[in-house]
Amino acid sequence: MQKTDSINIETTINSGQVFLWNKIGEQWVGIDGQDIMILRQKPYSLKSSGNIDNFLRRDDNLEKILKNISTDRTVRDAIKQSSGLRLIRQDPFQCYISFICSSNSSIQNIKSMLENLCRKFGVKKEFGKYQLHTFPRVETLANATMNELLDCRLGFRAKYVKEASLAVNSNKIDFKELRKLDYQTAIRSLKNILGIGNKVADCIALFSLDKLEAFPIDRWTQRILLKYYKDIFCDVSEKPLTEKKYEKLHDDIVKYFGPYAGYSQQFLFKMERDLNKKSWL
DNA sequence: GTTCGACCTAT
DNA sequence: TAGGTCGAA
């Protein structure tokens with residue numbers, strides 16, 4: 001059984017799931033919705049104004065999941081290299097906006113956009129010795145003007161964020177409902193929103209809606225499949241996937257990796273980016 | 001159903 | 001070029 005302190009905080013934060021985190025001295029300070037979290041490896045300490053166990057998916061049976069996804073050597077190596085990496089259960093609205101902002105951008109730029117949104121639309125909150133801006137509330141962002149969003153340097157994503165926020169504010173998107181639905185239905189619903197395609201929908205589903213069979217296929221994932229799984233997923237190439245090809249490939253991926261495919265994606269993604277010395281937060 | 005160019009911004 | 005998506009042809 002994995003011990004609770006086997007969580008590697010730095011590895012988990014720096015695995016592309018979350019963006020609103022900063023390392024201050026020895027501790028990682030981050031925002032999840034209206035909550036502030038302070039995580040420290042040594043001496044080990046996890047503090048949150050919200051529910052830290054929920055955030056770190058302490059309810060998952062990690063031993064069982066890791067065993068289940070250890071189907072091949074590549075995944076086993078990835079797990080070994082990033083031991084202590086956890087999947088995170090994020091605030092759904094923040095996750096939704098974060099990955100809408102992620103399209104055709106870099107981690108550093110995504111972080112900057114989200115920080116701008118927090119500074120402009122978030123509420124100042126104190127926790128521990130820190131005072132920082134929380135993530136904007138749905139209603140606040142839904143009422144933001146296009147110019148205000150453009151001021152946050154969102155670029156072409158500004159109208160996506162505006163419409164996406166309106167959809168949540170009007171209950172056209174209801175995260176509590178999406179959480180109850182099956183993977184396919186939830187994905188279909190998310191993809192009705194402007195700015196959400198297959199990849200972004202998978203990220204939202206995996207990181208905030210408990211859809212562990214979601215397996216976001218981005219440029220990196222595609223390279224991974226080509227490099228290590230060429231023989232298993234024959235039709236994968238370096239070219240961008242069309243919508244139908246993405247869906248077909250995803251089906252095959254779930255058949256191969258199983259119901260916890262999303263966990264395997266996270267380990268593989270982390271491994272390959274580290275291997276290529278790509279920077280994180 | 002697929003292909004292709006455009007798209008904000010920062011490095 | 002970067003962790004995509006949209007709209008037109």
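Lettering follows sequence order; numbering is per chain, from 1.
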Of the options [options], whose atoms approach the side-chain atoms of [X] most closely?
X      : options             : value
A:K244 : B:dG1, C:dA2, C:dG3 : B:dG1
A:N109 : C:dG3, B:dT9, C:dC6 : B:dT9
A:N104 : C:dG3, C:dA2, C:dC6 : C:dA2
A:L194 : C:dG7, C:dG3, B:dT3 : C:dG7
A:S106 : C:dA2, B:dT2, C:dT5 : C:dA2
A:F156 : C:dG7, B:dC7, C:dT5 : B:dC7

Please verify the inter-ring angle class for [X] with [Y]; under 30° counts as parallel, over 60° as perpendicular, anything in between as tilted.
X      : Y      : value
A:F269 : A:W280 : perpendicular
A:F233 : A:Y229 : tilted
A:Y96  : A:F93  : tilted

Once you round it to whole Å, what is the distance between [atom2] of [N] and [atom1] of [X]?
X      : N     : atom1 : atom2 : result
A:E272 : C:dG3 : CD    : P     : 13 Å
A:K239 : C:dG4 : NZ    : P     : 18 Å
A:K162 : C:dC6 : NZ    : P     : 19 Å
A:N198 : C:dG3 : CG    : P     : 19 Å
A:I100 : C:dG4 : CD1   : C1'   : 12 Å
A:K270 : C:dG3 : NZ    : P     : 14 Å
A:D202 : C:dG4 : CG    : P     : 13 Å
A:F99  : C:dG3 : CZ    : C1'   : 8 Å

Distance between P atoms of C:dT1 and B:dG5 (Å, rounded):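 Taking atom P in both C:dT1 and B:dG5, they lie 14 Å apart.
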C1' spacing across the pair B:dG1 / C:dA8, given as an integer number of angstrom: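 The answer is 15 Å between these two C1' atoms.
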Which residue lies more 5' along DNA chain C, comparing A:K191 with A:R223 via nearest heavy atoms: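 It is A:R223, whose closest nucleotide lies nearer the 5' terminus.
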Which residue lies more 5' along DNA chain C, comparing A:G195 with A:D218 via nearest heavy atoms: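 The residue mapped nearer the 5' terminus is A:D218.
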Heavy-atom neighbours of A:K80 NZ exceed 12 at 6.0 Å: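 Atom NZ in A:K80 is not packed in, count stays at 12 or less.
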A:Q81 CD: over 12 foreign heavy atoms closer than 6.0 Å: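 Enclosed: over 12 neighbouring heavy atoms sit under 6.0 Å from CD of A:Q81.
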Touch class at under 4.0 angstrom, heavy-atom based, for A:I196 against every strand present: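 Answer is sugar-phosphate: A:I196 comes under 4.0 Å of backbone atoms only.
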Touch class at under 4.0 angstrom, heavy-atom based, for A:I193 against every strand present: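 Contact class for A:I193: sugar-phosphate only.
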DNA chain C base-pair string [pairs: Watson-Crick or G-U under 3.5 Å; |: paired with another strand]: ||.||||||
Is it true that [X] and [Y] have a side-chain N and a carboxylate O under 4.0 angstrom from each other?
X      : Y      : value
A:E272 : A:K278 : no
A:R188 : A:E247 : no
A:E238 : A:R219 : no

Any side-chain N or O of [X] below 4.0 angstrom from OP1/OP2 of [N]?
X      : N     : value
A:S103 : C:dT5 : no
A:R219 : C:dG4 : no
A:R153 : B:dT9 : yes

Base B:dC8 to side chain A:R157, donor-acceptor N/O within 3.5 Å cut-off: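 Yes.
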Short side-chain donor-acceptor distance under 3.5 Å, A:Y260 and A:K64: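 There is such a pair (donor and acceptor under 3.5 Å, judged by atom type) between the side chains of A:K64 and A:Y260.
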